[in-house]
Amino acid sequence: MTIRPRRSVLYMPGSNARAIEKAKSLPVDGVILDLEDAVAPDAKAAARQQVADAVAAGGFGPRELVIRTNAISSPWFADDITAVIQAKPDAVLIPKIETAQQLELVGQRLLDGHADLRIRVWAMIETPRAIFNIEELGHAAADSETRLSCFVLGTNDLAKETRARQVPGRAPMLAWLSMAVMAAHAGGIDVLDGVYNDIANADGFLRECEQGRDFGFDGKTLIHPNQIAPCNTVFSPAPDEVAQARAMIAEFAKPENKGKGVVQIGGRMVERMHAEMAGRTVAIAEGIAARQG
């Protein structure tokens, strides 16, 4: 099992050349070069060219490189997707996805443009309609032509659209977060938690990272480099967790246990499904170690 870590994924404004250059040295798993919210309308064209040039030039090392386009309904989307096809990032992040038909449209645009098959599609989940359709959206990953590989929660937009308050603990959003996680993993794709706005509140950020991890998110989107280190720590398996996972896998691999559904390890009864979960823990740890070189 090979897993690409997506613990920390940092938004960078596509109009800021210095920020794009800085991203090449940050200890982050992924970078989203943003052409949408972070770029004013009169700067869209220049930002698009700057981002396309930066991606094509490379130099980002093992960091997963993603371009966030403007929404499908916007006047900039056609040029954005053309630039994505030419630049060949790891993925394209599409805002305001609400239906499987939109994902099919994106997949068709990539196909028509002869886009590199390695370019994946990430979908922003940031509207009430997306939450209502979340099972359908997760199921769309089964259609290889959609290229769907990740959901990204847009919690600020969800708050705006629903008038929900963004309070510590995120009680108004808990059902939506759970639904997105279940739909993503039912579809076999990753899901990233939304951003944390109060960059000065380190304790609050840490608690939200831990909450997201416990919910089953694969990582978190970030808005400031200071958030990277604590986010990476929270979404990385602890050394003792990895050691226990390896021990569990080894126990089930013993000849006398190969046909068993349950074994006893350290006084605990452990089911084979726990060994499968342990395999993922080890794969994540190995992916992190490989990324760090």
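Just so you know, residue 1 is the first one in the sequence shown, and it goes up from there. If you're wondering where the values come from, they're calculated on a predicted model, not measured in any experiment.
The backbone N or O of Ala100 sits less than 3.5 Å from a side-chain atom of Glu136, completing a donor-acceptor pair. The backbone N or O of Glu104 sits nowhere less than 3.5 Å from a side-chain atom of Asp143 that would complete a donor-acceptor pair. Lys220 places no side-chain N or O within 3.5 Å of a backbone atom of Arg7 that could act as its donor or acceptor partner. Between the side chain of Glu126 and the main chain of Lys96, a donor-acceptor pair closer than 3.5 Å is present. At distances below 3.5 Å, at least one donor-acceptor pair connects side-chain atoms of Gln227 with backbone N or O atoms of Tyr196. A donor-acceptor pair under 3.5 Å is formed between the side chain of Ser8 and the backbone N or O of Asp29. Gln102 places a side-chain N or O within donor-acceptor distance of the main-chain N or O of Thr99, the cut-off being under 3.5 Å. Of the possible polar contacts, one joining the Asn70 side chain to the Leu35 backbone as a donor-acceptor pair under 3.5 Å is found. When atom types are taken as modelled, the side chain of Arg118 and the backbone of Asp90 share no donor-acceptor pair closer than 3.5 angstrom.
Partner of Met124 under the side chain to side chain contact (heavy atoms under 4.5 Å, CB included) criterion, chosen from Glu98, Glu36, Arg68: Arg68. Here the rule is side-chain hydrogen bond (donor to acceptor under 3.5 Å, both in side chains) with Gln166, and of Asp198, Asn156, Thr155 only Asn156 fits it.
Between Phe205 and Leu222 the shortest side-chain heavy-atom distance falls below 4.5 Å. Residues Phe60 and Ile20 form a side-chain contact, since some pair of their non-hydrogen atoms from C-beta on lies under 4.5 Å apart. Between Ile284 and Pro5, every side-chain heavy-atom pair lies at or beyond the 4.5 Å cut-off. Inter-residue side-chain proximity for Ile119 and Arg147 is flagged as met; some heavy-atom pair is nearer than 4.5 Å. Between Ile72 and Val106, some side-chain heavy-atom pair lies under the 4.5 Å cut-off. Contact annotation: the side chain of Val121 never approaches that of Thr146 to less than 4.5 Å [non-hydrogen atoms, C-beta and beyond].
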Can you check side-chain contact (heavy atoms from CB on, under 4.5 Å) on Trp176 and Leu153, steps first, answer last? CA-CA 10 Å; Trp176 313 334; Leu153 270 289; 5.9 Å; no
Any chance you could lay out the side-chain contact (heavy atoms from CB on, under 4.5 Å) test for Trp122 and Leu192, step after step, and finish with the verdict? CA-CA 10 Å; Trp122 292 13; Leu192 303 179; 3.8 Å; yes
Worked check of side-chain contact (heavy atoms from CB on, under 4.5 Å) between Met179 and Ile131: CA-CA 7 Å; Met179 290 167 67; Ile131 295 298; 3.7 Å; yes
Does the pair Gln211 and Leu174 meet the rule for a side-chain contact (heavy atoms from CB on, under 4.5 Å), with working shown? CA-CA 10 Å; Gln211 180 194 49; Leu174 295 185; 3.4 Å; yes
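When the shell of 6.0 Å around CD of Glu135 is examined, it contains 12 or fewer heavy atoms from other residues, nucleotides or ligands. For Lys22, the NZ atom is loosely surrounded, since the number of other residues' heavy atoms within 6.0 Å does not exceed 12. Enclosure of atom NE2 in His139 is not indicated, since only 12 or fewer non-hydrogen atoms of other residues, nucleotides or ligands lie within 6.0 angstrom.
Using a 3.5 Å distance cut-off with no hydrogens or angles, the side chains of Asp240 and Gln244 do not pair a donor with an acceptor.
A side chain to side chain donor-acceptor pair (under 3.5 Å) check over residues 45-62, counting only residues at least two apart or in different chains, returns the pairs Arg48-Asp80, Gln49-Asp53. Contacts classified as side chain to side chain donor-acceptor pair (under 3.5 Å) and involving residues 273-282 (residues at least two apart or in different chains) are given here: Asp218-Arg280.
Ionic pairing of Arg120 and Asp190 is not present here: no N-O contact between side-chain nitrogen and carboxylate oxygen is shorter than 4.0 angstrom. In summary, Lys44 and Asp79 do not engage in a salt bridge, as defined by a charged side-chain N under 4.0 Å from a carboxylate O.
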